[in-house]
Amino acid sequence: MHCRLTASFRYSACLAILSAATALAQHSTEAIHVDDVSHIFRIDAADTTYEFGVNEDKRLQTIYWGERLSEKDHPQPPKAAPGVASFDSTRNTTPLEFDAWGGGLYVEPNLKVTFPDGNRDLDLRYIGYSTRDGVLSVQMKDISLPVAVTLQYKVDEATGIVGRRALIKNETAKPFVAESASSATWNLPRGTNYILRYLSGRWAGEWTVNDQTVKPGKTILESRRGTTGSQNNPWFSIRKNDTTEENGDVWFGGLAWSGSWQIAIEQDAVQQVRITGGYNPFDFGYHLKAGGMLETPWFYAGHTSHGLGDASRRMHHLEMDTLVPRAPHERPRPVLYNSWEATEFKVNEAGQEALAEKAAAIGAERFVMDDGWFGMRNNDHAGLGDWTVNPQKFPNGLKPLIDKVHSLHMDFGLWVEPEMVNPDSDLYRKHPDWVLNFAGRPRTEGRNQLVLNLAREDVRQYVYSSLDKLLTENDIAFFKWDYNRNWSEPGWPAVAPDEQKNVYVDFIRNFYSILEELRKKHPNIEIESCSGGGSRVDLGVIHLTDEVWPSDNTDAFDRLRIQYGFTQAYAPGIMMAWVTDSPTWVNQRTLSLPYRFLSSMQGSLGVGANLTKFTSEELETSRKMIAEYKNLRETVQRGDLYRLISPTDGSEASVTESVSRDRQQAVLFAFLHSSTELYSYPRIFLRGLDPDRVYTLRAIEGKANSDTPTSATGSYWMHRGIDVDLRGDFQATAFVLQGASH
Ligand code: GLA
């Protein structure tokens, strides 16, 4: 017998924000099939099939993950693989969906537990399944102990991306400690021809793309920092070694977690590649009370046969259509002005109003006052934690500035860094015990600040009510929510020693719950996730914030590489990108204003320059560029991104194209680093256009070669291509291709 379910891809939390009816109508599908006789679970969505079943040992084994199989194909129940001699038992060689440590398991476990009697062996077997609201829940239980693990599966119909997580229940009479807990293992078809792509970085140098052959052994991507981090991002893609940007198999995915995480990519003894992701086992030890449950984060992953570019586009669609708070109808990102680079901490009413006037004149729609407005905050040594307006800088509170911003037809945004405290603050003086610390040990500062222990209920309440008060008392449309250091000494002395490590989970759950509650109470608020740049960007935070800040590096040339890396995993529609002053503080590089605009216009456009120093000509250029952007932002933010020429690997060129979902409009951005030896700029071949539709070409900046027609079919632009006239150093050009209506 086959049973079919209706699958929805939403978190229940999001259903509270949106009407459940809308969400289900948008994401319903009959995608998950369960064969009750053979115990095979099959997920067919978009052009992808994911299939697993119960083997003769009653373990859950992956059967298939890739291009969609025909409905006529009915695989047999999976068979456990033979082990390798006496050294690797079958549990090490069978591609299992989820296995606990015990019984001689040497590959990365999904769960490792220590029981109070010293037993550390766990052996999970399939016992049944259930379905609810489009989520398939497959239950496993230990062979003798009442420890239950439920594996959950949901699928996004449009992209075929599957979401998986595990719920670990302690049904014994005593607490136990989970020393590792992951969400899922994804198993690839056996083979040795894989290339792993992952992202690495550091402050002001985030989003570096790395490619490496998958070899025997293990590669660990991780954060041990208590937060997502930029040193690795919780995203991976693995491709066959002949896959390109546009063709070939790619398996890819991301973890929805903003705390310490790990993704292990392992080629096992029989050349199978397993991708296991979840909580970072380093320093992990979740104390699970009798009757308690530990949820692991959702781990999303998908497959495409259409190359790395399509893998990214599927992630972008998932994010924009399903994950972001108002998906699928998130508002377009407004053009934002931010004061940080112009004033740093020297904010005051008159200065901000002067900037606001200029920002409004060039077409900004949102004015954001950055750091410096609260407590005794005149530099980064004091004030964090005291979320009251500084009376010297704003003697009449924020109202006069907000009224001014509104009178200029912009909405108002404010910078906050709620999880942090400076020792030089009223909050710390009152509650020195509120920070992460080990009793009697030093407290390491970063940027002169300590991390509040958000896992504590009193801290959670303080942070929530400080932000709620700001939103209740002021007409604030937007928070830039910052997080400017990582954890150290992650102790929680207020609870029993064996519960202290729960901080790794409880802190992040409380962070999410604050975001959720604020959004529920103030449904119009929009939030940017910032962490000294791009250190808190992941699918978990994206579900609760509307945009992210990829990097403090605002050098428009550096940003080309940063954006190339960012868009591997995340959508241009959530990528805030400011135009800032030249020469940039980062590299002392001088770049023209149009170059800086075109670089930022590939994402969600903002301006962070000191506009009071702009000439009237620069203000006019800015006004024109912003007006252009407003006509094409729908395409850039929600459309399909094609990375036509990569700025990496010493490339002198960088080209991106965005095509609107209806293929009516395309926008092309091309950048030249430096001309050499009389070579012309490479011809640009567009992609993703409707081949039969006629598109008219219009330059936003720069020009095409004189033999370029002003209109031609999509086929022409994709096969004949465009030659652009770019020569010199740091040059940029951009075009709109507007399609005729059918
Ligand atoms: C971080 C952010 C910056 C700015 C400063 C303010 O570094 O990434 O954009 O907001 O904090 O202190």
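We count ligands from 1, going down the list as the structure has it; atoms in each ligand are counted the same way.
Not counting sequence neighbours, Gln563 has no partner by the side-chain hydrogen bond (donor to acceptor under 3.5 Å, both in side chains) test. Under the rule for a side-chain hydrogen bond (donor to acceptor under 3.5 Å, both in side chains), Gln352 has no partner lying at least two apart in sequence or in another chain. For Asp506, the salt bridge (charged side-chain N to carboxylate O under 4.0 Å, His left out) criterion is met by no residue, not counting sequence neighbours.
Summarising the local packing, NZ of Lys469 is surrounded by 12 or fewer heavy atoms from other residues, nucleotides or ligands at distances under 6.0 Å.
Checked for salt-bridge contact, Arg596 and Asp581 miss the test: no charged N lies under 4.0 Å from a carboxylate O.
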Distance dump, ligand 1 polar atoms to protein, N/O, under 3.5 Å:
unit_1: ligand 1; atom_1: 7 (O); unit_2: Asn484; atom_2: OD1; d: 3.4
unit_1: ligand 1; atom_1: 7 (O); unit_2: Asp552; atom_2: OD2; d: 2.8
unit_1: ligand 1; atom_1: 8 (O); unit_2: Gly533; atom_2: N; d: 3.2
unit_1: ligand 1; atom_1: 8 (O); unit_2: Asp552; atom_2: OD1; d: 2.4
unit_1: ligand 1; atom_1: 8 (O); unit_2: Asp552; atom_2: OD2; d: 3.1
unit_1: ligand 1; atom_1: 9 (O); unit_2: Lys480; atom_2: NZ; d: 2.7
unit_1: ligand 1; atom_1: 9 (O); unit_2: Asp552; atom_2: OD1; d: 3.4
unit_1: ligand 1; atom_1: 10 (O); unit_2: Asp370; atom_2: OD1; d: 2.6
unit_1: ligand 1; atom_1: 10 (O); unit_2: Asp370; atom_2: OD2; d: 3.3
unit_1: ligand 1; atom_1: 10 (O); unit_2: Trp415; atom_2: NE1; d: 3.0
unit_1: ligand 1; atom_1: 10 (O); unit_2: Lys480; atom_2: NZ; d: 3.0
unit_1: ligand 1; atom_1: 10 (O); unit_2: Asp482; atom_2: OD2; d: 3.4
unit_1: ligand 1; atom_1: 11 (O); unit_2: Asp482; atom_2: OD2; d: 3.0
unit_1: ligand 1; atom_1: 11 (O); unit_2: Asn484; atom_2: ND2; d: 3.2
unit_1: ligand 1; atom_1: 12 (O); unit_2: Asp371; atom_2: OD2; d: 2.6
unit_1: ligand 1; atom_1: 12 (O); unit_2: Arg447; atom_2: NH1; d: 2.9
unit_1: ligand 1; atom_1: 12 (O); unit_2: Arg447; atom_2: NH2; d: 2.9

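Side-chain rings of Trp487 and Phe507 approach one another, their centers coming within less than 6.0 Å.
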